[in-house]
Amino acid sequence: MDVSQILDPLNDAQRQAVCAPAGHIQILAGAGSGKTRVLVHRIAWLMQAEGVSPYSILSVTFTNKAAGEMRSRIEHLLKIPAGGLWVGTFHGIAHRLLRAHWKEADLPQGFQILDSEDQLRTIRRLIRDMGLDDNHYPPKEAQWYINARKDEGQRPENIDHRNDPHLRQMIEIYHQYEAMCRRTGVVDFAELLLRAHELWLKHPQMLHHYQQRFKHILVDEFQDTNTIQYAWLRMLVGKDSHMFAVGDDDQSIYGWRGARVENIHQFGKDYKNSSIFRLEQNYRSTGNILNAANALIANNSERMGKNLWTEGEEGEKIRIYAAFNELDEANYIADQILTWVEGTGLRSECALLYRSNAQSRVLEEALIKNRIPYRIYGGLRFFERQEIKDALSYLRLIDNDRDDAALERIINLPTRGIGNRTVEVLRETARNNGCSLWQAITTVQQEKALPARALQALQNFADLMQGLIEATQNVELAEKIEHVIHHSALRTHYAKEKGEKGQARLENLEELINAGRSFEMDAYDDDLPEMDELAAFLSHAALEAGERQAQEGDDCVQLMTLHTAKGLEFKQVFLCGVEEDLFPHRLSADDPARLQEERRLCYVGMTRAMQRLTLCYAEKRRLYGDDKYTRPSRFIKELPAELVEDVRMPGFVAPAASSMYLQEENNTGLKLGQRVMHKKFGEGVVLNYEGAGQHARVQINFANAGSKWLVMEYANLMIL
DNA sequence: GCGGAGACCCTTTTT
DNA sequence: GGGTCTCCGC
């Protein structure tokens with residue numbers, strides 16, 4: 001067997017990892033070191049050199065994009081379809097298991113998936129129905145709480161309320177929410193993972209079957225695994241199976257959503273005989289960029305340890321641009337891009353990365369002003385769009401009449417005279433009888449619990465749904481969708497919406513029909529039960545919300561958050577707003593662990609750059625409506641001086657508008673850094689201003705009392 | 001049932 | 001500052 005195709009494109013470290021003898025293996029793969037390549041080639045190696053059957057390989061990723069890329073690269077390398085091989089996301093694989101074993105998992109056969117938005121709506125509804133004040137129990141917080149507990153593998157009955165009444169109530173909300181999901185036959189994202197874990201916990205013989213089957217378990221982005229994902233993996237790894245975990249602790253940026261970098265350390269403890277390989281040769285960035293990134297990340301503690309290097313050239317220094325304000329920052333960047341393009345560079349080679357989405361607007365405006373086309377990542381994806389979710393809700397209700405969330409969404413959409421009062425009566429009836437809202441319609445009608453007009457409106461809705469159910473039996477999926485969009489009058493409803501928006505919505509609805517036409521059921525390799533095509537389509541819509549929408553194609557500058565940029569690379573990168581309080585974000589600055597995550601985020605951002613990296617900060621920034629004086633991020637100071645260069649023109653004088661602003665601000669009579677004395681708090685230093693004149697507030701860092709915001713009018717400060 | 005006024009919020013995102 | 005949600009009046 002000729003394996004040269006598999007091994008030749010690899011460097012020594014990669015080859016060692018790919019050919020490592022069976023055993024538990026951990027790969028620490030630095031940014032741009034060929035991580036995906038190693039995973040793909042490892043799978044190819046197992047199959048072609050070791051004669052491993054694709055049937056016994058499981059490869060897990062976090063995103064559908066990564067899973068898709070992995071599968072296609074494997075097929076490209078092997079030049080055959082990799083049938084039988086399981087490649088998927090944690091959620092996709094859990095879903096597959098639960099479909100196959102719905103009975104053992106104690107789920108209804110046709111269970112559907114509740115996406116985050118539906119989950120939030122459900123929880124909001126529930127909190128109100130429980131008679132709780134949603135100011136005291138914000139639905140968002142409850143949602144976060146529930147998902148976090150599920151990610152940790154906890155059910156409400158296992159959580160200690162520690163006699164805390166608020167916590168006790170949160171647990172009760174979790175409890176009620178669970179009951180609601182059971183009643184309506186839906187499962188949220190976190191539940192997929194938790195159920196899949198419990199499924200094996202409760203059915204050891206089934207676990208044994210999968211342990212026997214999957215001899216090789218490969219995990220991508222291992223640093224992003226949360227508690228339940230790692231527990232699930234550990235369970236699956238039987239005594240004859242091997243885990244191949246690829247990750248980078250320095251690129252762990254999802255701690256805030258439950259990811260545990262500690263799992264990387266835990267791996268070595270759990271698998272004492274495991275070996276570890278490091279991929280440190282970088283094929284992406286210049287030496288200067290790597291050295292600067294290395295220096296930055298060296299400020300973090302408890303690292304596994306890793307130093308990126310390159311055979312390539314040193315390259316340019318890292319540029320630091322100190323802007324006067326956010327407009328100046330944006331203009332500078334636009335200007336630099338124009339220069340880049342004049343020098344035959346492509347716009348698409350340039351990326352503008354920022355910490356938070358709110359920063360994008362000013363950048364966009366500057367790009368528009370300079371007629372620079374751009375593409376912005378983020379925002380709604382196809383299956384998350386309002387009109388698409390409306391249409392899907394009809395389909396969900398057809399598929400499962402217990403789906404209350406779907407019914408609530410469309411019972412009066414388009415409006416058909418079913419008001420809030422009517423729906424309230426339905427809810428109450430459903431609650432009292434422990435039935436679905438759909439069933440409650442019949443009950444309410446029988447009991448004549450509403451005025452005749454409302455009853456008639458309900459009857460019309462019931463007739464409509466009944467008609468849709470009958471008309472969509474035994475027809476092609478696309479035809480089903482088409483029929484629903486047309487006869488529910490969603491199409492006419494959105495046609496009435498004026499302007500481009502309405503037009504776009506209509507086009508999206510058409511696109512949904514197309515999606516139905518091109519939808520292919522996964523051809524599963526084993527004994528998975530036949531799944532109804534509509535149900536499969538709905539699951540697909542929830543699990544793969546589709547591409548983030550943006551005008552594709554043209555040569556566009558790329559705008560995105562630092563988080564979104566992970567895994568991507570660009571010749572020229574601008575990190576925008578590299579300022580204290582923005583990056584690191586002020587909400588993360590106090591907690592050392594979160595601060596380290598911010599630093600890793602900066603590391604991720606810097607290592608996206610291949611040739612040129614510019615860090616920008618503004619000395620003053622308008623954010624959330626008011627102006628703030630800012631300080632450059634501590635991350636800038638952590639870069640070795642010999643690797644950076646200041647690109648603000650020396651001796652440059654602030655433009656008139658800017659200096660006027662400064663004067664106006666300065667009528668507090670104080671300058672930044674000014675030492676002052678306060679009667680009560682003692683001596684301190686001026687850190688920041690807000691507003692102007694006598695209503696201005698000033699932030700002072702007191703030597704003994706810490707940092708405080710004071711109103712000038714009352715502060716009575718003495719200048720020292 | 002809809003549209004306007006006011007309250008409220010505001011980090012990062014995938015499934 | 002701006003986007004979203006809620007409430008109230010028509």
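A, B, ... follow the sequence lines: proteins, then strands. Residue 1 opens every chain.
Stacking between H585(A) and dT11(B) is present: the aromatic ring centre lies within less than 5.5 angstrom of the base six-membered ring centre, and the two planes differ by under 30 degrees.
Using P as the reference atom, dC5(C) and dT12(B) are 16 Å apart when rounded to the nearest Å.
Computed from coordinates, the D133(A) CG to dT6(C) P distance equals 13 Å when rounded to whole Å. Rounded to whole Å, the distance from CZ on R361(A) to C1' on dG1(C) is 7 Å. Put simply, CH2 on W144(A) is 18 Å from C1' on dC10(B), counting in whole angstrom units. Spacing between atom CG of L568(A) and atom P of dT13(B) amounts to 13 Å, rounded to whole angstrom units.
Just one of L296(A), V578(A), L575(A) meets the side chain to side chain contact (heavy atoms under 4.5 Å, CB included) condition when paired with I636(A); it is V578(A).
Under the 90° criterion around 0 for the glycosidic angle, dT11(B) counts as syn.
Summarising the geometry, atom CD belonging to E387(A) is positioned 11.0 Å from atom CG belonging to L413(A); distances are rounded to the nearest 0.5 Å.
A cation-pi contact links R99(A) to F111(A), judged by a cut-off of 6.0 Å to the six-membered ring centre and 45° from its axis. Taking the centre and axis of the six-membered ring of F383(A), the NZ or CZ atom of R381(A) falls outside the cone set by 45° and 6.0 Å.
Closest contact between the side chain of R381(A) and the listed nucleotides dT11(B), dT15(B), dG1(C) involves dT15(B). For W256(A), counting side-chain heavy atoms from C-beta on, the closest listed nucleotide (dT13(B), dT11(B), dT15(B)) is dT13(B). Side chain of R622(A), nearest nucleotide from dG1(C), dT11(B), dT15(B): dG1(C). Of the candidate nucleotides dT6(C), dT15(B), dT13(B), dT13(B) has the atom lying nearest to any side-chain atom of T561(A). Side-chain proximity of N357(A) to dT13(B), dT11(B), dT15(B): nearest is dT13(B). Closest to the side chain of R594(A), out of dT11(B), dT12(B), dT14(B), is dT11(B). When distances are taken from the side chain of E384(A) to each of dT15(B), dT13(B), dT11(B), the shortest belongs to dT15(B).
Below the 3.5 angstrom threshold, one finds a donor paired with an acceptor across the side chain of S116(A) and the base of dT15(B).
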